[in-house]
Amino acid sequence: MKIASFNVNSVRARLPNVLSWLEAAQPDVVCLQEIKVETDSFPRDEFSAAHYHLLVHGQKSYNGVAMLARAPLTEISHSLNPDDPQARYLEAQVNGITIINIYAPNGNPVESEKFPYKLDWLDRLIARARHLLAAETPFLITGDYNIIPQPQDCHDPKAWEGDALFRPESRAKWRTLCNLGLTDAFRALHPTQANAYTFWDYQAGAWQRDNGIRIDHVLLSPQLADKLVSCQIDRNPRGQDKASDHTPILVELKL
DNA sequence: ATGCCGTCCGAAGGACGA
């Protein structure tokens with residue numbers, strides 16, 4: 001079973017890119033982030049034609065998450081907080097496992113209310129993970145965490161000092177998730193691989209200079225960590241015309 | 001470097017991203 005995560009930075013602007021990547025990668029499940037469209041305006045027909053079932057939790061202009069799957073999807077939840085209008089979470093069951101798709105808040109600037117919002121959002125995610133672990137549910141959490149876990153996960157750590165993606169408070173939330181017993185699928189299989197980035201800014205030739213960061217992740221519950229076969233970052237979509245600033249990460253599980 | 005680019009909304013240029 002191949003599960004992919006891709007922050008597409010607008011599903012409408014990225015439709016040809018996403019469809020050609022789907023055709024090449026052939027994932028069984030896909031978690032999309034930053035679809036930037038209301039639920040009712042999602043381009044459903046194009047993904048149905050590619051033989052995917054679909055769950056969409058959208059929002060006008062910003063944020064928004066969606067899930068595609070070859071097998072039927074059953075929605076469990078689309079929020080960590082009923083008072084939060086931002087569409088950043090989608091939890092569903094497919095093929096007997098629980099898949100959580102996240103678009104965690106950016107949190108910049110750190111002096112603004114956006115940073116405590118980010119930390120609070122991550123606390124709610126940690127609470128949800130604790131609950132699922134206690135219930136011994138096989139699950140994974142994938143998506144755009146907006147966290148650079150370690151200095152080796154960015155090209156230029158000095159440049160990220162003080163940024164919400166690299167602040168000690170943000171990295172501590174990541175560590176808490178890992179210390180609950182979740183496995184960073186990529187680092188479990190590639191512990192020392194450098195330049196393993198999933199995002200390159202559009203500005204200042206970041207892609208051409210490989211000035212990237214690793215912020216899109218897959219965390220596995222213990223039951224699924226035992227089934228981990230491979231985890232790869234697919235750099236190819238980032239080099240295409242009209243690319244997203246993120247590129248997909250794919251994990252393969254032997255269920 | 002409050003810079004660089006891209007997308008959204010809406011019809012110019014500000015908000016937002018990372």
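All chains are named by letter (A, B, ...) in the order of the sequence lines, taking the proteins before the strands, and each is independently numbered beginning at 1. The figures here come from the full heavy-atom set of this structure, side chains too, leaving out hydrogens, waters and symmetry mates. Every value quoted in this text rests on a predicted model; they were computed, and no experiment measured them.
The CG atom of A/Asn17 sits 14 Å away from the C1' atom of B/dT7 (whole-angstrom rounding).
For the OP1/OP2 pair of B/dA18 and a distance below 4.0 Å, the side-chain nitrogens and oxygens of A/His246 include at least one atom meeting the criterion.
Here the side chain of A/Arg14 is nearest to one of B/dT7, B/dA18, B/dC5, namely B/dT7. In the set B/dC4, B/dG17, B/dA18, B/dG17 carries the atom at the smallest distance from any side-chain atom of A/Tyr202.
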Tabulate protein N/O versus nucleotide N/O from nucleotides 8-13 of chain B, keeping only pairs under 3.5 Å, one per line.
| residue | atom | partner | partner atom | Å |
| --- | --- | --- | --- | --- |
| B/dC8 | OP1 | A/Ser10 | OG | 2.5 |

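Without hydrogens or angle criteria, A/Arg238 side chain to A/Trp200 main chain gives a donor-acceptor distance under 3.5 Å.
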Quick one: side chains of residues 94-102 of chain A, donor-acceptor pairs under 3.5 Å with protein atoms, not counting sequence neighbours, listed by atom name and distance.
| residue | atom | partner | partner atom | Å |
| --- | --- | --- | --- | --- |
| A/Asn101 | OD1 | A/Gln33 | NE2 | 2.7 |
| A/Asn101 | ND2 | A/Leu32 | O | 3.1 |
| A/Asn101 | ND2 | A/Ala66 | O | 3.0 |

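Because its NZ or CZ atom is not both nearer than 6.0 Å to the ring centre of A/Phe199 and within 45° of the ring axis, A/Arg214 does not count as a cation-pi partner of that residue.
For the side chain to side chain donor-acceptor pair (under 3.5 Å) condition, no pair includes a residue of residues 37-47 of chain A, sequence neighbours left out.
Comparing the same atom, P, in B/dG6 and in B/dG10 gives a spacing of 23 Å after rounding to whole Å. Atom name P, nucleotides B/dA1 and B/dG13: the rounded distance is 28 Å, in whole Å.
In terms of polar N and O atoms assigned as donor or acceptor, the side chain of A/Asp163 never comes within less than 3.5 Å of the base of B/dA18 in a complementary pairing.
Donor-acceptor pairing under 3.5 Å is lacking for the side chains of A/Gln150 and A/Arg175.
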